[in-house]
Amino acid sequence: MFKKMFICLGMLAAFTLFFASCDKKKEEWKGKERTLSIIKPDAVSANHIGEIISRFESEGLRIAALKMVKLDEKGASDFYAVHKGKPFFADLVTFMSSGPVVAIVLEGDNAVLLNREIMGATDPSKATKGTIRSDFAKSISQNAVHGSDSKENAEIEIPFFFTEKEQQSRF
Ligand code: ATP
Ligand code: MG
């Protein structure tokens, strides 16, 4: 009888400790900087999704939300609207709507800048060795990943892909 009670109390204590440590972890990540990453159609079709995501995680960023989507031309054009009128705009829209992409909300300290560092320069021939674009991008127009370039733009780009509820999926 006492033995059974002792086991039950032990299990209760273990569950309490487990849930308390989960809550503490959640609190640690609340309010961390967020950025939007997109794994572009070239990297998706070349089967590099896993390798790219593992770079984010190994550099200390956390996946807060993630989905695979296929943009249509209007979606791609709206997302990159800031580049409308530039000579590469039409090709960019065609490329970004040519196949599925993986949209990811990354979070962590200095997430915007850290993600840009992990990505490397826009032109892969100028990207630092070991960056995603240096290792996986084919050209300046098919360059494996997108990353928000400021906190302000991240706040605009994240809701482009994720509802409020989806943005909170890890909490
Ligand atoms: P992204 O916004 O996709 O993260 P980025 O911020 O490094 O890229 P931007 O200047 O915002 O670079 O350009 C958006 C995208 O347009 C680039 O990723 C690239 O695919 C394309 N692009 C930019 N400049 C050129 C160019 N000179 N020739 C062809 N494509 C270009
Ligand atoms: Mg950009």
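Just follow the structure's listing: the first ligand is 1, and inside any ligand the first atom is 1. Because only heavy atoms are used, hydrogens play no part in the values below, and waters and symmetry mates are left out as well, while side chains stay in.
- The same ILVMFWY cluster, assembled from side-chain heavy atoms under 4.5 Å apart, contains both Val105 and Phe79.
- Using a 4.0 Å cut-off between heavy atoms, Glu157 makes no contact with ligand 1 at all.
- Compare Val82, Val93, Ile140, Thr122 by their heavy atoms: the one nearest to atom 20 (O) of ligand 1 is in Ile140.
- Each of Ile38, Leu36, Asp78 was compared with Phe160 under the side chain to side chain contact (heavy atoms under 4.5 Å, CB included) criterion, and only Asp78 meets it.
- Crowding of Lys67 atom NZ: a count of heavy atoms from other residues, nucleotides or ligands under 6.0 Å exceeding 12.
- The protein atom (non-hydrogen) at minimum distance from atom 1 (P) of ligand 1 is His146 ND1, 3.1 Å.
- In Asn143, the part holding a heavy atom less than 4.0 Å from any atom of ligand 1 is the side chain.
- Residue-level proximity to ligand 1 for Met96 is absent, since no heavy atom of it falls below 4.0 angstrom.
- Looking at every heavy atom in both residues, Phe56 comes nearest to Ile132 through CE2-CD1, 3.7 Å.
- Here the closest heavy-atom approach between residue Pro100 and residue Met68 is recorded as CB-CG, 3.9 Å.
- Under the 4.0 angstrom criterion for non-hydrogen atoms, Met119 is in contact with ligand 1.
- Closest approach of Asp149 to Val112, counting heavy atoms only: C-CG1, 3.8 Å.
- Only the side chain of Lys40 comes within 4.0 Å of ligand 1, counting heavy atoms alone; its backbone N, CA, C and O stay farther away.
- Remark: minimum distance from atom 3 (O) of ligand 1 to any protein heavy atom is reached at Tyr80 OH, 2.6 Å.
- Cluster annotation: Leu106 and Phe161 are assigned to distinct hydrophobic clusters (Ile/Leu/Val/Met/Phe/Trp/Tyr, side-chain heavy-atom contacts under 4.5 Å, transitive).
- Which parts of ligand 1 touch Leu92 is read off a 4.0 Å heavy-atom cut-off, strictly below it: atoms 15 (C), 16 (O), 20 (O).
- Residue Lys86 places its NZ atom among more than 12 non-hydrogen atoms of other residues, nucleotides or ligands, all under 6.0 Å distant.
- Regarding atom 6 (O) of ligand 1, its nearest protein heavy-atom neighbour is Arg116 NH1, 2.9 Å.
- The closest protein non-hydrogen atom to atom 8 (O) of ligand 1 is Arg133 NH2, 3.3 Å.
- Taking atom 16 (O) of ligand 1 as the reference point, the nearest protein heavy-atom neighbour is Phe88 CE1, 3.3 Å.
- At a heavy-atom cutoff of 4.0 Å, ligand 1 is contacted by no atom of Gln142, backbone or side chain.
- Contact analysis leaves Asp149 out of contact with ligand 1, as no non-hydrogen atom separation drops below 4.0 angstrom.
- Residues Glu73 and Val93 come closest through the heavy atom pair O-CG1, 3.6 Å.
- Taking all atoms of both residues into account, the shortest heavy-atom contact from Ser169 to Ala64 is OG-O, 3.3 Å.
- Residue-ligand proximity: Phe95 is placed with every non-hydrogen atom at 4.0 Å or more from ligand 1.
- Checking Arg170, Lys151, Arg62 one by one against Glu107, the salt bridge (charged side-chain N to carboxylate O under 4.0 Å, His left out) holds for a single residue, Arg62.
- In this structure, atom 10 (O) of ligand 1 lies nearest to the protein heavy atom His83 CE1, 3.6 Å.
- Set against the non-hydrogen atoms of Gly147, the atoms of ligand 1 under 4.0 Å away are 4 (O).
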